[in-house]
Asker: 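I'd like to ask you about the structure that follows.
Below, all heavy atoms of this structure are taken into account, side chains as well, without hydrogens, waters or symmetry copies. Nothing fancy with the numbering, it's 1 onward along the sequence.
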Amino acid sequence: MTESLDAERMACWRAYIEASQRLFTQLEDDLRADSELSFADYHVLVLLSEAPGQRLRMGELAGRLVFSPSRLTYQISSMQKRGLVARESCPDDRRGSEAVLTATGLLTLREAAPHHLRSARTHLMDDLDDAEVACLTRVFERLGRRLGADRDVSSTPADK
């Protein structure tokens, strides 16, 4: 019984990974065609647009993007050349720096976001077959139950 459950879980996760990779590739292609932004560019702009003062310390930005410091430095330099972001000294830490969203970056994000959201909806609706939808639904239901259980455990008062 356990072996069949483990096999089903593995099949679900494999289908999830394959569908995610295919969707990511399609979304990346659409995003580049509409706005000449990569997914990484788009996510940097989104994170900066949501940050207080539209700026984030490089270390915090790297952590949110799961980028290595060298990868983030390359990404920010590339975006800086295109005028999407600026890099400034961090007033709180002389050794550090911050990425700052520019007016051009904000305008680019505003123009790209509706195309990206439309693309995501289109690919999610059109490019997954029924088996993939069923598999992803099971994965997300399990994840939701797991998160709900974790939330219930963390919200119970500590024993006195």
Side-chain angles (χ1 to χ4, degrees), residues 12-13 15-128 132-133 136-137 139-158:
C12 276
W13 282 110
Y16 170 75
I17 290 166
E18 289 169 0
S20 297
Q21 288 172 336
R22 192 173 71 251
L23 288 172
F24 177 82
T25 301
Q26 291 166 333
L27 293 172
E28 173 91 17
D29 291 346
D30 288 354
L31 190 58
R32 281 192 189 276
D34 289 333
S35 63
E36 297 182 8
L37 292 175
S38 69
F39 236 47
D41 294 338
Y42 184 79
H43 285 289
V44 167
L45 294 176
V46 167
L47 288 171
L48 290 176
S49 73
E50 295 172 347
Q54 298 182 331
R55 61 180 52 234
L56 280 172
R57 292 180 67 184
M58 294 292 282
E60 186 176 356
L61 188 57
R64 289 186 184 187
L65 292 166
V66 195
F67 274 9
S68 68
S70 60
R71 173 69 176 120
L72 181 62
T73 299
Y74 172 79
Q75 187 71 37
I76 294 297
S77 296
S78 168
M79 294 176 74
Q80 198 171 0
K81 288 176 187 172
R82 292 180 285 151
L84 302 174
V85 298
R87 194 167 170 180
E88 297 178 359
S89 298
C90 181
D92 299 332
D93 181 0
R94 291 179 190 213
R95 295 171 294 144
S97 61
E98 294 178 319
V100 181
L101 184 64
T102 64
T104 302
L106 185 58
L107 179 62
T108 301
L109 176 62
R110 286 182 178 157
E111 290 173 352
H115 297 289
H116 175 58
L117 294 175
R118 191 175 324 109
S119 173
R121 280 194 300 270
T122 299
H123 289 303
L124 285 170
M125 298 299 289
D126 296 343
D127 293 329
L128 293 178
E132 288 172 324
V133 170
L136 292 175
T137 301
V139 167
F140 287 122
E141 284 173 352
R142 284 187 192 136
L143 183 59
R145 284 194 300 271
R146 173 89 184 254
L147 292 173
D150 290 347
R151 191 172 21 255
D152 291 343
V153 168
S154 66
S155 66
T156 57

Asker: For a quick test of reading the model, state the closest non-hydrogen atom pair linking L56 to A51 and the distance between them.
Answerer: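 In this case the closest contact between L56 and A51 is CG-CB, 3.6 Å.
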Asker: How many angstroms lie between atom CZ of R64 and atom CD of E60, to the nearest 0.5 angstrom?
Answerer: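 With rounding to 0.5 Å, CZ (R64) is 4.0 Å from CD (E60).
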Asker: Is the CZ atom of F24 crowded by more than 12 outside heavy atoms at less than 6.0 Å?
Answerer: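 More than 12 within 6.0 Å, yes.
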Asker: So, for M58 and L72, which heavy atoms are closest and what is the spacing to 0.1 Å?
Answerer: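 Taking M58 first and L72 second, the nearest heavy atoms are O-CD2, 3.2 Å.
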Asker: Can you tell me if E36 has over 12 outside heavy atoms packed within less than 6.0 Å of its CD?
Answerer: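 Check fails, neighbour count at 12 or below.
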Asker: Has S97 got a side-chain atom pairing as donor or acceptor with S89's backbone, closer than 3.5 angstrom?
Answerer: no
Asker: Should R32 and E28 count as an ion pair when the cut-off is N to O under 4.0 Å?
Answerer: yes
Asker: Could I get the full list of ring pair (Phe, Tyr, Trp, His ring centres under 6.0 Å) partners for H43, not counting sequence neighbours?
Answerer: F39
Asker: Tell me the closest heavy-atom pair linking L48 and V100, and the distance in Å.
Answerer: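 Closest heavy-atom pair between L48 and V100: CD1-C, 4.2 Å.
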Asker: Working to the nearest 0.5 Å, report the span between CD of Q54 and CG of L45.
Answerer: 10.5 Å
Asker: Could you pull out all donor-acceptor pairs under 3.5 Å where a side-chain atom in residues 106-113 meets a protein atom, sequence neighbours excluded?
Answerer:
{"unit_1": "T108", "atom_1": "OG1", "unit_2": "T104", "atom_2": "O", "d": "2.8"}

Asker: Going by heavy atoms in the side chains, are L37 and H116 under 4.5 Å from each other?
Answerer: no
